[in-house]
Every structure is written in structure tokens, then in C-alpha cells.
Number of protein chains: 2
Amino acid sequence: MKPKTYDDLLGGPQGGRDCAGRGILDHVMSRWGVLVLLALRDGTHRFSELRRRIGGVSEKMLAQTLRALEEDGFVLRHDFGEVPPRVEYALTPMGRQLATHVARLATWISDNTAQVLAARETRRSKAKG
Amino acid sequence: MKPKTYDDLLGGPQGGRDCAGRGILDHVMSRWGVLVLLALRDGTHRFSELRRRIGGVSEKMLAQTLRALEEDGFVLRHDFGEVPPRVEYALTPMGRQLATHVARLATWISDNTAQVLAARETRRSKAKG
DNA sequence: CGGAATCCAAGATGATACTG
DNA sequence: CAGTATCATCTTGGATTCCG
């Protein structure tokens with residue numbers, strides 16, 4: 001019997017080895033994964049559009065993030081194969097489902113940001129007092 | 001008008017400066033944040049219990065993660081101030097709400113892991129064909 | 001037992017330059 | 001435009017050690 005590891009907490013050995021779910025979660029919740037998912041919720045966008053929309057992401061990281069999400073089947077990449085180059089990205093149906101969950105979490109956090117900041121203040125003054 | 005940055009995508013400047021929501025999300029979705037949140041869903045646990053339950057986390061990272069979540073007001077730390085030391089951790093009401101959302105996301109991923117792995121395979125064979 | 005402090009290896013990220 | 005390749009850097013994470 002395996003001990004209770006984080007594999008179990010995340011749904012167990014369904015993926016086969018270690019913890020596939022954990023790897024997916026890492027892609028999704030990577031520094032830029034969330035933002036890409038949210039940015040694609042309202043439709044198709046080109047590479048440079050995404051860069052502008054997300055802001056602060058380097059070409060390298062955006063490309064890397066998009067590739068990871070594409071590999072996982074969350075993002076669809078359409079290369080028009082023209083010059084000048086034109087590539088468009090969109091969510092797959094599965095990606096839309098995922099993005100919905102992510103958006104809920106992001107929304108909750110957004111709605112509770114003030115409360116979190118207040119909690120931090122409380123702690124800070126308690127530490128002083 | 002501000003350009004669309006990831007600040008906007010995550011709920012805008014509600015936190016005051018940059019993007020407080022983003023920072024919170026980083027805490028929550030950090031490598032171990034998710035697991036701690038999930039591990040605490042079923043009640044109070046001691047430090048070493050958490051280490052065993054989560055599995056694979058070092059003392060340093062667990063302590064660091066717990067402190068961050070505590071600062072944000074998601075986790076409550078109760079130090080009994082005895083020898084040998086005894087400290088217990090639990091979710092705050094806000095933490096329970098958050099953990100519920102996180103659990104939903106984790107569950108979705110867990111339920112869709114097979115589909116993601118299938119998507120990866122499809123891509124792989126398409127690349128070959 | 002529950003950490004804090006330190007040192008070090010590994011990985012993530014960014015700026016830049018280059019290509020089709 | 002849409003990337004890739006490369007190098008420098010900054011951050012993470014882990015192992016170890018020490019303490020109350």
C-alpha cells in the first residue's frame with residue numbers, strides 16, 4: 001500500500017505513473033497559464049495580440065505556455081502558413097471547460113482580495129501588539 | 001486608458017497597486033499551496049502530519065507555504081507553546097471557501113486526466129504522420 | 001517536534017539576436 | 001509576424017545543520 005501522498009490528494013494514480021494530474025495543474029497554473037486561458041475566453045487571438053493583452057510576458061514564455069496548453073489539448077493552434085506569418089489561437093471545448101473553472105477561481109480571488117489584504121494587516125498589527 | 005494587461009484579466013487594480021490577486025493566486029497555486037489546502041479540507045492537522053500526508057514536501061517548503069497561506073488569512077495556526085512543541089493548522093472560513101474552489105478545479109483535472117493524455121497521444125501521432 | 005538559517009543545485013525566466 | 005536559439009540571471013527547492 002502506498003502512503004498518502006499528494007498523488008492521492010489530487011485524484012490518485014489514474015494517470016498511470018506518478019501523478020499526471022499534478023503535471024497538468026502545473027501547466028494550467030503556471031505563471032502564465034492562467035492568464036492565457038483567461039485571455040482566450042472571449043475568442044480567437046493571434047500571438048502578438050495575446051502578448052499585448054497579457055502584458056509583461058516575453059515571447060519565449062508565451063510560446064512555451066501556448067505549446068504546453070496545446071499539448072494538453074486545451075488550446076488549438078491554427079497556422080495559416082502564409083507570409084507574413086499568421087497564427088491564431090483558440091480554446092478547445094475541453095479548454096473552455098477548464099477556463100471556466102479557472103475563471104471561477106480567479107473571480108473568487110478577485111472578489112476576496114480586499115479581505116485578504118485586510119487579513120494581512122490584522123496579522124501585522126497583532127505581531128506588533 | 002490602460003492597455004489590457006493581466007491585471008485586468010485578473011480583476012483589475014482592486015488591490016491598489018499592480019495586481020494583488022495575482023500574488024494571492026501565486027500563493028494558492030504554488031507547487032505546494034494546492035496540496036496544503038486540499039490536505040486541510042478534512043480538519044486540523046499538525047506540521048508533521050501534513051508532511052506525511054502531502055508527501056515529498058521538504059520542511060522548508062511546507063513551513064514557507066503555510067506561512068504564506070496564514071498571512072493571506074486562509075490558514076489558522078495554533079501554537080500550543082509546549083515542549084515538545086505542538087502546532088496545529090486548520091483552514092479559516094475564508095480558507096474553506098477557497099479550498100472548495102481549488103478542490104473543484106483539482107477534481108475536474110483529475111476527471112479529465114485521461115482525456116488530456118489522449119490528446120497528447122493524438123498530437124504525437126499527428127506529428128509523426 | 002516544529003521550525004529557522006545556511007548553502008547549493010536545478011529550473012524558470014528574461015533580454016537579445018536571428019530566421020523564414 | 002511568429003516564432004527559435006542562446007546566454008545571463010533570478011528564483012525555487014532540497015539537504016543539512018542548529019535551536020528551544
Side-chain angles (χ1 to χ4, degrees), chain A residues 5-7 10 18-19 22-36 39-40 43-72 75-90 123 127, chain B residues 3 5-6 18-19 22-37 39-40 44-71 75-90 123 127:
Chain A
T5 66
Y6 62 78
D7 291 5
L10 238 190
D18 294 346
C19 180
R22 182 68 221 185
I24 298 169
L25 195 60
D26 280 347
H27 288 173
V28 174
M29 306 312 293
S30 66
R31 185 153 175 57
W32 303 111
V34 195
L35 290 318
V36 169
L40 284 174
T44 295
H45 292 286
R46 299 181 61 170
F47 187 85
S48 44
E49 280 178 344
L50 286 174
R51 264 202 84 185
R52 273 192 298 277
R53 275 171 71 86
I54 294 179
V57 62
S58 64
E59 296 180 354
K60 178 181 169 182
M61 293 318 297
L62 181 54
Q64 190 173 306
T65 303
L66 284 168
R67 260 184 282 121
L69 292 176
E70 190 198 357
E71 270 239 344
D72 287 352
V75 163
L76 208 61
R77 184 197 132 120
H78 182 42
D79 187 340
F80 289 79
E82 307 167 347
V83 285
R86 177 191 180 81
V87 180
E88 294 192 341
Y89 294 90
R123 284 220 108 262
Chain B
T5 67
Y6 63 79
D18 293 350
C19 179
R22 180 69 220 186
I24 298 168
L25 194 60
D26 279 348
H27 288 172
V28 172
M29 305 311 294
S30 66
R31 186 155 175 56
W32 303 111
V34 195
L35 290 319
V36 169
L37 250 15
L40 283 174
T44 295
H45 293 284
R46 299 182 58 172
F47 187 86
S48 44
E49 280 177 343
L50 285 173
R51 265 201 82 185
R52 273 191 299 277
R53 276 171 69 87
I54 294 179
V57 62
S58 64
E59 294 180 354
K60 176 182 171 181
M61 294 318 297
L62 181 55
Q64 189 174 304
T65 303
L66 285 169
R67 258 183 285 121
L69 292 176
E70 190 200 357
E71 271 239 345
V75 163
L76 208 61
R77 183 197 133 119
H78 182 42
D79 187 339
F80 290 77
E82 306 169 348
V83 283
R86 176 190 180 83
V87 181
E88 293 190 341
Y89 294 91
R123 284 219 107 264

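Chain letters run A, B, ... following the sequence lines, proteins first and then strands; every chain starts at 1.
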Work out which heavy atom in [X] is nearest to a heavy atom in [Y]; give both atom names and the distance.
X       : Y       : answer
B:Leu62 : B:Phe47 : CD2-O, 3.6 Å
A:Thr65 : A:Trp32 : OG1-CB, 3.7 Å
B:His27 : B:Leu69 : O-CD2, 4.3 Å
B:Thr44 : B:Ala90 : OG1-CB, 3.5 Å
A:Arg51 : A:Val57 : NE-O, 3.2 Å

Practice problem: Scan B:Tyr89 against the nucleic acid and name what it touches under 4.0 Å (heavy atoms): base, sugar-phosphate only, or nothing. | Solution: sugar-phosphate
Tell me the interatomic distance from [X], atom [atom1], to [N], atom [atom2], rounded to whole angstroms.
X       : N      : atom1 : atom2 : value
B:Trp32 : D:dT12 : CH2   : C1'   : 12 Å
B:His27 : D:dT12 : NE2   : C1'   : 14 Å
B:Arg67 : D:dG13 : CZ    : P     : 13 Å

Practice problem: Using the heavy-atom set of chain A and a strict 4.0 Å cut-off, write down the first and last nucleotide of DNA chain C that makes it in, 5' to 3'. | Solution: C:dT13 to C:dG20
Self-check item: Sequence-distant partners of A:Glu88, side chain to side chain donor-acceptor pair (under 3.5 Å), two or more places apart
Solution: A:Arg86
Quiz prompt | Distance below 4.0 Å between B:Arg51 side-chain N/O and D:dG14 OP1 or OP2 | solution = no
Quiz item: Which nucleotide sits closest to the side chain of B:Pro85: D:dG20, D:dC1, D:dT4?
Solution: D:dG20
Exercise. Select from A:Val83 and B:Asp79 the residue whose nearest nucleotide in DNA chain C is closer to the 5' end of that strand.
Key: B:Asp79
Quiz item: Could you walk me through whether B:Leu66 and B:Glu70 pass the side chain to side chain contact (heavy atoms under 4.5 Å, CB included) check?
Solution: CA-CA 6 Å; B:Leu66 285 169; B:Glu70 190 200 357; 6.0 Å; no
Quiz prompt | Sorted by number, the residues of residues 58-66 of chain A with heavy-atom contact under 4.0 Å to DNA chain C | solution = A:Ser58, A:Glu59, A:Lys60, A:Met61
Self-check item: Candidates A:His45, A:Arg53, A:Arg52 - the one meeting side chain to side chain donor-acceptor pair (under 3.5 Å) with A:Glu49
Solution: A:His45
